[in-house]
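Some notes on the structure that comes next.
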Protein chains: 2
Amino acid sequence: MSSNHTHNKKNQTLTKNQRIVLNLLQDSGEPLKAYFILDSLKKEGLSSPLQVYRALDKLVELGKIHKVESLNSFIICNNSNCASNTAFTICERCGKVKEIKNNNLTEGVNELVRENKLNITRYNLEFYVVCKSCKIN
Amino acid sequence: MSSNHTHNKKNQTLTKNQRIVLNLLQDSGEPLKAYFILDSLKKEGLSSPLQVYRALDKLVELGKIHKVESLNSFIICNNSNCASNTAFTICERCGKVKEIKNNNLTEGVNELVRENKLNITRYNLEFYVVCKSCKIN
DNA sequence: TTACGTATGTAATAGTATAACATTAGAGGT
DNA sequence: ACCTCTAATGTTATACTATTACATACGTAA
């Protein structure tokens, strides 16, 4: 194989299945469901749900993607490093999901956590909104 | 029927299925899964998943229970009124779930929302923790 | 009474996720 | 180069979660 040399320390360790799943999520930018991913990647050789779920699990573990719990979907992480903490807005009308990457949020959450004496290891915040384009219509 | 008179304006409107599901969640205090609820209430006459899901949907809509998204479970609401906003701590070790009912949190969230210019309709916050009894061991 | 919205019962099926097991690939040590 | 160990793979079957579709009943208001 001529690929898989020493290009990217980070992605180098990914296996083929992990890589193609990550690429799909990256290209899409939207939350995708496991079985949709499976269908999309059948031509790349994926043939069973478990292959997808295993890749997804690993990518979540590596912090490269997140699970949007209330949508049973997975989305690329577009923070440099959120250490498995997640915060999304989800449009109630069109379903559009955006990861919130704002230092104010991190600050705010930390404060929230301090004030409430929560001893947290990580968090998942889902804010339901009506997005701009939906509000206009 | 001698029950179902005019005792409680709030619960009066609940149907039988809704009432028995609510009671089970109330008595339990823990998050329960739909099919567990079904099994538990077979003797009360429930016989299909749909009966449970319909009752759960209604109770969620009424704000009497919440769905814990990342657990696919439902838990009684122990705030007087959270208007479909939810905030939980979930112990990563034992799975214990507690609803956070702290005015600081509401305040904090509001501030968070203001600072980040989020135009939210509701939110769902899941804080993963290691609870006290798990930390000791 | 009629009409309408909501809840019910039942069966079938869709959608999400994991268990179990045998095999293979890759990184590190010697 | 070889051994070894861990992690990933492939495959089948199955478990778990949730909804569609349709026929029926109930309750309230016109």
Side-chain angles (χ1 to χ4, degrees), chain A residues 1-25 31-62 64-75 95 97 124, chain B residues 1 3-6 9-25 31-62 64-75 95 97:
Chain A
M1 287 293 162
S2 62
S3 63
N4 240 0
H5 282 312
T6 337
H7 298 132
N8 184 330
K9 275 287 186 204
K10 273 285 165 59
N11 278 24
Q12 177 190 18
T13 63
L14 294 183
T15 65
K16 183 204 163 209
N17 288 356
Q18 293 161 9
R19 209 167 345 99
I20 62 180
V21 169
L22 180 63
N23 286 343
L24 182 63
L25 285 167
L32 301 181
K33 286 168 176 279
Y35 277 70
F36 175 89
I37 293 172
L38 176 56
D39 285 345
S40 304
L41 296 180
K42 281 227 167 97
K43 49 185 175 309
E44 319 280 341
L46 289 193
S47 63
S48 88
L50 197 44
Q51 293 175 300
V52 175
Y53 281 107
R54 285 198 278 225
L56 290 170
D57 284 350
K58 191 64 185 182
L59 293 169
V60 166
E61 187 189 322
L62 294 173
K64 295 186 174 301
I65 66 173
H66 299 303
K67 181 170 189 183
V68 185
E69 293 290 352
S70 65
L71 301 180
N72 296 319
S73 299
F74 299 84
I75 191 170
V97 173
N124 170 48
Chain B
M1 287 292 161
S3 63
N4 242 359
H5 284 312
T6 337
K9 275 284 186 204
K10 273 285 165 57
N11 277 26
Q12 177 193 17
T13 62
L14 294 183
T15 65
K16 184 203 161 209
N17 288 356
Q18 292 161 8
R19 207 164 351 95
I20 62 179
V21 169
L22 180 62
N23 285 343
L24 181 63
L25 285 166
L32 302 181
K33 288 169 175 276
Y35 276 71
F36 175 88
I37 293 172
L38 175 56
D39 284 344
S40 303
L41 295 179
K42 282 224 166 103
K43 49 185 175 308
E44 320 279 341
L46 289 192
S47 63
S48 90
L50 195 44
Q51 295 175 300
V52 175
Y53 280 107
R54 285 199 280 225
L56 289 170
D57 284 350
K58 191 65 186 179
L59 293 170
V60 166
E61 188 190 324
L62 294 174
K64 295 187 174 301
I65 66 172
H66 299 303
K67 181 170 188 183
V68 185
E69 293 291 351
S70 65
L71 299 180
N72 297 318
S73 298
F74 299 85
I75 191 170
V97 173

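So that the names make sense, note that chain A is the first sequence line, chain B the second, and so on, each numbered from 1. In this text, all values refer to a predicted model and were calculated from it rather than measured experimentally.
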Tell me: [atom1] of [X] to [atom2] of [N], nearest whole Å?
X	N	atom1	atom2	result
B/Leu32	D/dC16	CG	P	16 Å
B/Lys16	D/dC26	NZ	P	13 Å
A/Leu50	C/dA20	CG	P	12 Å
A/Lys33	D/dT17	NZ	P	15 Å
B/Leu46	C/dT8	CG	P	9 Å
B/Leu41	C/dT8	CG	P	13 Å
B/Glu44	C/dT8	CD	P	15 Å
A/Asn17	C/dG26	CG	P	12 Å

For the side chain of A/Tyr35 and the base of C/dA17, is some donor closer than 3.5 Å to an acceptor across the two?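 By the distance-only test, yes, there is a pair.
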When you check the phosphate oxygens OP1 and OP2 of [N], does a side-chain N or O of [X] lie under 4.0 Å from one of them?
X	N	answer
A/Asn72	C/dA17	yes
A/Thr15	D/dT9	yes
A/Lys67	C/dA17	yes
A/Ser48	D/dT12	no
A/Gln51	D/dG10	yes

Less than 4.5 Å apart, side chain to side chain, heavy atoms only: is that true for [X] and [Y]?
X	Y	result
A/Leu14	A/Leu22	yes
B/Asn17	B/Val52	no
A/Val68	A/Asn124	no

Test item: B/Lys33 side-chain N/O and B/Leu71 main-chain N/O as donor-acceptor pair under 3.5 Å: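 Checking the backbone N and O of B/Leu71 against the side chain of B/Lys33, a donor-acceptor pair under 3.5 Å is found.
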Would you kindly compare B/Ser47 and A/Ser73 by the position of their nearest DNA chain C nucleotide and give the one closer to the 5′ end? B/Ser47
[options]: which one has an atom nearest the side-chain heavy atoms of [X]?
X	options	answer
B/Arg54	C/dT10, C/dA17, C/dA20	C/dT10
A/Tyr53	C/dT8, C/dT16, D/dA18	C/dT16
B/Lys58	D/dT12, C/dA17, C/dA7	C/dA7

To the closest 0.5 Å, what do you measure between CD1 (A/Ile37) and CZ (A/Phe74)?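 Between A/Ile37 CD1 and A/Phe74 CZ, I get 7.0 Å after rounding to 0.5 Å.
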